[in-house]
Engineer: 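This is the structure I have questions about; it appears just below.
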Amino acid sequence: MAKDFSTRAENYSQWYNDLVIKADLAENSAVRGCMVIKPYGYAIWEQIQSVLDKMFKATGHSNAYFPIFIPKSFFSKEASHVAGFAKECAVVTHYRLKNSPDGKGIIVDEDARLEEELIVRPTSETIIWDTYRNWIKSYRDLPVLVNQWANVVRWEMRTRLFLRTTEFLWQEGHTAHASEEEAIREAETMLQVYTDFAEKWMAIPVLQGTKSPSERFAGAIETYAIEALMQDGKALQSGTSHFLGQNFARAFDVKFLSKENQLDYVWATSWGVSTRLMGALIMSHSDDHGLVLPPRLAPIQVVIVPVFKTSEQLEQISRVVGPVKSALESKGITIKYDDRDTQKPGWKFAEYEFKGVPVRLTLGPRDIEQGTVEIARRDTLEKEVFQIKDIENKVVHLLDLIQQNLYDRALSFRENNTFRVDTWAEFKEILDGTGGFISAHWDGTAETEEKIKEETKATIRVIPLNNPKEEGRCVYSGKPSHQRVIFARAY
RNA sequence: CGGGAUGUAGCGCAGUUGGCUAGCGCACCACGUUCGGGACGUGGGGGUCGGAAGUUCGAGUCUUCUCAUCCCGACCA
């Protein structure tokens with residue numbers, strides 16, 4: 001473990017990269033653009049998965065699995081969908097290798113060219129809707145509420161650990177409904193699920209809204225998104241939910257017979273969050289001392305570090321730790337007692353601090369004598385000494401307190417970095433300064449949106465849900481506008 | 001795919017106008033002293049200097065080619 005790494009003020013993106021590597025979350029792999037998620041990082045992802053999975057099931061969804069390969073022809077059936085993804089698809093063209101005739105290694109066997117090339121899924125709408133055609137005949141077959149946990153591949157030019165990698169892990173929900181209203185309601189429900197997860201589990205406040213047409217998912221009628229603000233003032237899209245209308249049903253000819261004996265196309269949604277959430281988690285809470293994890297997602301919620309010189313002292317400490325550990329575990333707390341004698345206490349303090357463990361308990365000979373324990377919290381770095389008999393309730397309470405504090409801290413950061421702006425000069429000034437969310441009037445045209453992006457790199461992140469109507473003038477063009485939208489530079 | 005940079009131990013780097021046995025810090029191993037915020041001392045292990053060809057008595061150093069990585073742009077959850 002390195003002693004020092006970049007601070008946020010020095011170089012935010014370097015700080016992020018250092019943190020991911022040194023906190024043992026992930027590393028770059030031998031394959032360009034693809035990452036290895038290390039056990040500690042994967043444990044956080046598993047935690048995210050397990051909570052979301054329960055939430056999906058609680059809202060009526062079931063998991064299923066579809067192939068990683070998609071026939072090329074499927075892909076081109078929905079016009080805007082192909083247009084959106086064509087430039088970043090990995091394609092399988094052959095199915096066999098052979099020894100090189102010159103004896104040097106192995107080459108693609110040209111005789112083993114595929115009749116139809118296969119696309120490595122960048123998303124699964126096409127293969128799933130091709131399948132749904134056979135599943136759905138009648139209104140009695142609806143709704144279909146399916147989710148899949150999978151990996152997808154998008155051939156990106158520039159990658160960053162967790163935030164944008166060529167291969168990433170995600171979940172994609174794909175639902176089919178008998179009516180437009182029901183499908184829209186589904187898309188909105190899942191947006192709310194994502195919001196609850198982000199705020200209650202990740203302790204990240206998010207803005208809910210719809211995307212402007214140019215930011216919409218390829219093939220969607222409406223894209224809903226949650227958008228979070230990172231500590232460097234840039235926005236991070238953290239989850240999306242799409243109302244797909246009948247676009248995919250038409251493309252794949254998925255029709256059902258209604259109660260009224262009418263043949264109609266099925267209404268669709270899709271929704272997903274990815275390992276990008278890991279990036280959001282890291283950038284929302286962590287500080288110059290390393291990772292800071294919200295207790296509800298931390299793989300280790302409490303670490304106990306004994307301070308000892310002799311094995312007798314360690315034994316003595318372990319006798320006290322044992323019951324405390326079991327008592328906390330019985331309350332569902334994940335706890336690690338690090339009694340290794342190969343590392344010094346100071347080293348361990350630094351290590352767990354860097355890895356963002358929310359609470360640390362320290363017990364040394366002094367504590368054994370006095371019946372006390374030192375308790376340190378990661379979010380504020382404060383330390384206090386308590387009677388060991390009180391520790392159980394104290395820890396339970398403290399974990400809740402930390403969870404809440406992280407959310408409050410992130411919320412007040414967002415509030416302090418959200419600006420109502422009415423002039424173009426101020427718009428640019430904020431982006432060149434602190435960054436943040438800018439609430440400004442927009443004339444609703446793609447041209448203006450594009451110009452703003454060209455000049456400032458800022459994009460419309462969301463048009464907030466239940467956005468109040470307000471007459472005003474577009475911050476860029478001066479044309480009449482009926483509502484404010486949220487701009488920011490984004491990841 | 002354009003512009004810039006870098007490849008020397010696991011990581012971070014130094015290595016002079018070409019010169020003798022390629023070095024430093026961290027990490028690693030052994031022993032001793034330490035142990036309440038990343039300990040210290042002593043000793044030790046680890047290198048096809050990205051690769052190939054060339055110039056030369058001699059190449060980490062010079063030449064050519066090649067490969068790879070990183071940064072900056074166009075695309076994106």
Side-chain angles (χ1 to χ4, degrees), chain A residues 1-6 11 13-14 17-18 21-22 27-33 83-89 122-123 150-160 162-172 194 211 214-218 220 223-228 235-242 270-280 289-290 305-311 313-314 317 339-355 360-370 372-376 378 381 383 385 453-454 457 459 461 490-491:
Chain A
M1 179 63 56
K3 271 190 181 100
D4 47 11
F5 68 116
S6 311
N11 184 344
S13 68
Q14 188 65 47
N17 290 337
D18 287 356
I21 302 286
K22 290 176 182 159
E27 61 189 31
N28 285 305
S29 71
V31 184
R32 179 203 187 93
F85 286 103
K87 280 178 283 183
E88 48 187 29
C89 286
T123 179
N151 58 340
V152 286
V153 168
R154 296 182 188 175
W155 215 263
E156 301 289 350
M157 304 286 186
R158 291 180 56 65
T159 58
R160 288 192 73 190
F162 291 120
L163 297 173
R164 175 166 301 109
T165 47
T166 299
E167 180 193 18
F168 58 94
L169 305 182
W170 79 344
Q171 57 69 216
E172 43 180 329
Y194 289 154
K211 287 287 181 180
S214 61
E215 296 273 331
R216 230 171 245 159
F217 175 74
T223 289
Y224 301 84
I226 54 171
E227 202 77 21
L236 184 74
Q237 179 173 306
S238 307
T240 50
S241 175
H242 315 288
S270 68
W271 29 273
V273 296
S274 71
T275 35
R276 183 178 239 205
L277 285 179
M278 296 284 295
H289 299 271
V305 177
V307 179
F308 60 94
K309 290 183 194 165
T310 64
S311 55
Q313 282 177 329
L314 176 60
I317 293 165
D339 59 354
R340 287 178 295 174
D341 61 359
T342 52
Q343 313 292 349
K344 305 282 174 276
W347 189 94
K348 292 176 186 172
F349 295 166
E351 171 82 358
Y352 293 110
E353 191 166 286
F354 205 91
K355 289 193 165 180
R360 185 189 75 227
L361 304 180
T362 307
L363 271 109
R366 222 156 58 204
D367 298 295
I368 299 300
E369 227 168 83
Q370 296 166 10
T372 57
V373 58
E374 182 192 84
I375 181 162
R378 178 62 185 88
L381 298 169
K383 292 190 280 197
V385 174
K453 186 177 177 181
E454 273 171 30
K457 289 183 183 158
T459 50
R461 300 321 304 159
Y491 275 97

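All of these numbers come straight from a predicted model, not from anything done at the bench.
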Engineer: Sticking with atom C1', work out how far B:G37 lies from B:A77, rounded to a whole angstrom.
Structural biologist: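 Comparing C1' positions in B:G37 and B:A77 gives a spacing of 40 Å.
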Engineer: Not counting sequence neighbours, which residues clear ring-ring contact (aromatic ring centres under 6.0 Å, His included) with A:Phe85? List them please.
Structural biologist: A:His81, A:Phe217
Engineer: Using the C1' atom in both, what is the distance from B:U61 to B:U17, to the nearest Å?
Structural biologist: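 Pairwise C1' distance, B:U61 against B:U17, rounds to 11 Å.
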Engineer: Any side-chain heavy-atom pair from A:Glu88 and A:Glu156 closer than 4.5 angstrom?
Structural biologist: yes
Engineer: Indicate, with a heavy-atom threshold strictly under 4.0 Å, whether A:Lys457 touches base, sugar-phosphate, or nothing.
Structural biologist: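 Sugar-phosphate, backbone atoms only, no base.
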Engineer: Please give the distance between the P atoms of B:G7 and B:G60 as a whole number of Å.
Structural biologist: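 After rounding to an integer number of Å, I get 16 Å for this pair.
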Engineer: Who passes side-chain hydrogen bond (donor to acceptor under 3.5 Å, both in side chains) against A:Glu353, sequence neighbours left out?
Structural biologist: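 With sequence neighbours excluded, A:Glu353 shows a side-chain hydrogen bond (donor to acceptor under 3.5 Å, both in side chains) to no residue whatsoever.
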Engineer: Taking only the C1' atom of each, what is the distance from B:G44 to B:C65 in whole angstrom?
Structural biologist: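 About 41 Å, rounded to a whole number of Å.
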Engineer: Under 3.5 Å, is there a donor-acceptor pair between the side chain of A:Tyr194 and the main chain of A:Gly272?
Structural biologist: yes
Engineer: What is the distance, to the nearest angstrom, from the CE atom on A:Met157 to the P atom on B:A77?
Structural biologist: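 Distance check: A:Met157 CE to B:A77 P gives 14 Å.
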Engineer: Take atom C1' in B:G18 and the same atom in B:C62, then report the distance between them in whole Å.
Structural biologist: 8 Å
Engineer: Could you state the atom-to-atom distance from CG of A:Asp341 to C1' of B:A39 in whole Å?
Structural biologist: 16 Å
Engineer: At a cut-off of 3.5 Å, list every protein nitrogen or oxygen paired with a nitrogen or oxygen from nucleotides 31-35 of chain B, distance to 0.1 Å.
Structural biologist:
unit_1: B:C35; atom_1: OP2; unit_2: A:Lys309; atom_2: NZ; d: 3.4
unit_1: B:C35; atom_1: N4; unit_2: A:Lys309; atom_2: O; d: 3.3

Engineer: Give a yes/no verdict on a cation-pi contact between A:Arg276 and A:Phe168, requiring under 6.0 Å between NZ or CZ and the six-membered ring centre and an angle within 45° of the axis.
Structural biologist: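 Not flagged: A:Arg276 not positioned over aromatic ring of A:Phe168.
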Engineer: With the side chain of A:Phe354 defined as its heavy atoms from C-beta on, choose the nearest nucleotide among B:G36, B:G38, B:C75.
Structural biologist: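 Among B:G36, B:G38, B:C75, the one nearest the side chain of A:Phe354 is B:G38.
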Engineer: In whole angstrom, what separates A:Lys22's NZ from B:G38's P?
Structural biologist: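 Going from A:Lys22 (NZ) to B:G38 (P), I get 18 Å.
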Engineer: Can you tell me how far C1' of B:G10 sits from CD1 of A:Ile21, to the nearest Å?
Structural biologist: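 Roughly 14 Å, once rounded to whole Å.
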Engineer: Over all heavy atoms of both residues, which pair between A:Ala220 and A:His242 is shortest? Give the atoms and the distance, please.
Structural biologist: CB-CB, 4.0 Å
Engineer: Are the side chain of A:Asp367 and the backbone of A:Gly364 linked by a donor-acceptor contact shorter than 3.5 Å?
Structural biologist: yes
Engineer: Nearest of B:A74, B:G38, B:G36 to any side-chain atom of A:Arg158?
Structural biologist: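 Nearest nucleotide to the side chain: B:A74.
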Engineer: Pick the C1' atom in B:A9 and in B:G50, then give their distance to the nearest Å.
Structural biologist: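 Each nucleotide's C1' atom is 14 Å from the other's.
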Engineer: Between B:G36, B:A77, B:G37, spot the one nearest the side chain of A:Glu353, thanks.
Structural biologist: B:G37
Engineer: With a 4.0 Å cut-off on heavy atoms, is A:Arg360 in touch with a base, just the backbone sugar-phosphate, or nothing at all?
Structural biologist: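 If one applies the 4.0 Å heavy-atom cut-off, A:Arg360 turns out to touch a base.
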Engineer: Specify the closest pair of heavy atoms between A:Ile317 and A:Pro306, including all atoms of both residues, with the distance to one decimal.
Structural biologist: CG2-CB, 3.8 Å
Engineer: Touch check for A:Phe217, heavy atoms < 4.0 angstrom, all strands: base, sugar-phosphate only, or nothing?
Structural biologist: nothing
Engineer: Nearest-Å distance, CD (A:Glu156) to C1' (B:C1)?
Structural biologist: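 The distance from CD of A:Glu156 to C1' of B:C1 comes to 16 Å, rounded to the nearest Å.
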Engineer: Does a side chain donor of either A:Ser214 or A:Arg216 reach within less than 3.5 Å of an acceptor in the other side chain?
Structural biologist: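 Their side chains do not contain a donor-acceptor pair, so the 3.5 Å distance test is not met.
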Engineer: In whole angstrom, give me the gap between the C1' atoms of B:G58 and B:A22.
Structural biologist: 15 Å
Engineer: Could you tell me which residues satisfy ring-ring contact (aromatic ring centres under 6.0 Å, His included) with A:Trp155, sequence neighbours excluded, listed by chain and number?
Structural biologist: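 With neighbours one apart ignored, the set is empty.
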Engineer: Ring of A:Trp170 versus six-membered ring of B:A77: centres under 5.5 Å and planes under 30°?
Structural biologist: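 Stack criterion not met.
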Engineer: How close or far is atom P of B:G73 from atom CD of A:Glu454, stated in whole angstroms?
Structural biologist: 15 Å
Engineer: For the pair A:Lys348 (side chain) and A:Arg340 (backbone), establish whether a donor and an acceptor sit closer than 3.5 Å, ignoring hydrogens and angles.
Structural biologist: yes
Engineer: Assign each of A:Asn17 and A:Ser274 to its nearest nucleotide of RNA chain B by heavy atoms, then name whichever residue's nucleotide is nearer the 5' end.
Structural biologist: A:Asn17
Engineer: Identify the pairs formed between an N or O of the protein and an N or O of nucleotides 3-6 of chain B at a distance under 3.5 Å, and give each distance.
Structural biologist:
none

Engineer: Find out whether A:Gln313 and A:Val307 are in side-chain contact, i.e. whether some heavy atom of one side chain is under 4.5 Å from a heavy atom of the other.
Structural biologist: no
Engineer: Give one of base, sugar-phosphate or nothing for A:Thr165, where a contact means two heavy atoms less than 4.0 Å apart.
Structural biologist: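 If one applies the 4.0 Å heavy-atom cut-off, A:Thr165 turns out to touch a base.
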Engineer: When you look for runs of 3 or more Watson-Crick or G-U pairs in a row, both distances below 3.5 Å, which of them include RNA chain B?
Structural biologist: B:1-7 with B:67-73, B:10-13 with B:23-26, B:28-33 with B:39-44, B:50-54 with B:62-66
Engineer: If the C1' atom of B:C49 is compared with that of B:U6, how far apart are they to the nearest Å?
Structural biologist: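 Each nucleotide's C1' atom is 14 Å from the other's.
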Engineer: Donor-acceptor pair, A:Arg160 side chain versus A:Tyr491 backbone, under 3.5 Å?
Structural biologist: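 Looks like no, no N/O pair under 3.5 Å.
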Engineer: Between A:Lys211 and A:Glu227, does any NZ, NE, NH1 or NH2 come within less than 4.0 Å of an OD or OE carboxylate oxygen?
Structural biologist: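 A:Lys211 and A:Glu227: salt-bridged.
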Engineer: Does the side chain of A:Arg32 get closer than 4.0 angstrom to OP1 or OP2 of B:U69 through an N or O atom?
Structural biologist: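 Yes, because at least one side-chain N or O of A:Arg32 sits under 4.0 Å from OP1 or OP2 of B:U69.
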Engineer: Whole angstrom is fine here: how far is it from CG in A:Leu236 over to C1' in B:A77?
Structural biologist: 9 Å
Engineer: Provide, to the nearest angstrom, the distance between the CG atom belonging to A:Asn28 and the P atom belonging to B:C70.
Structural biologist: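 In whole Å, B:C70 P and A:Asn28 CG are 6 Å from each other.
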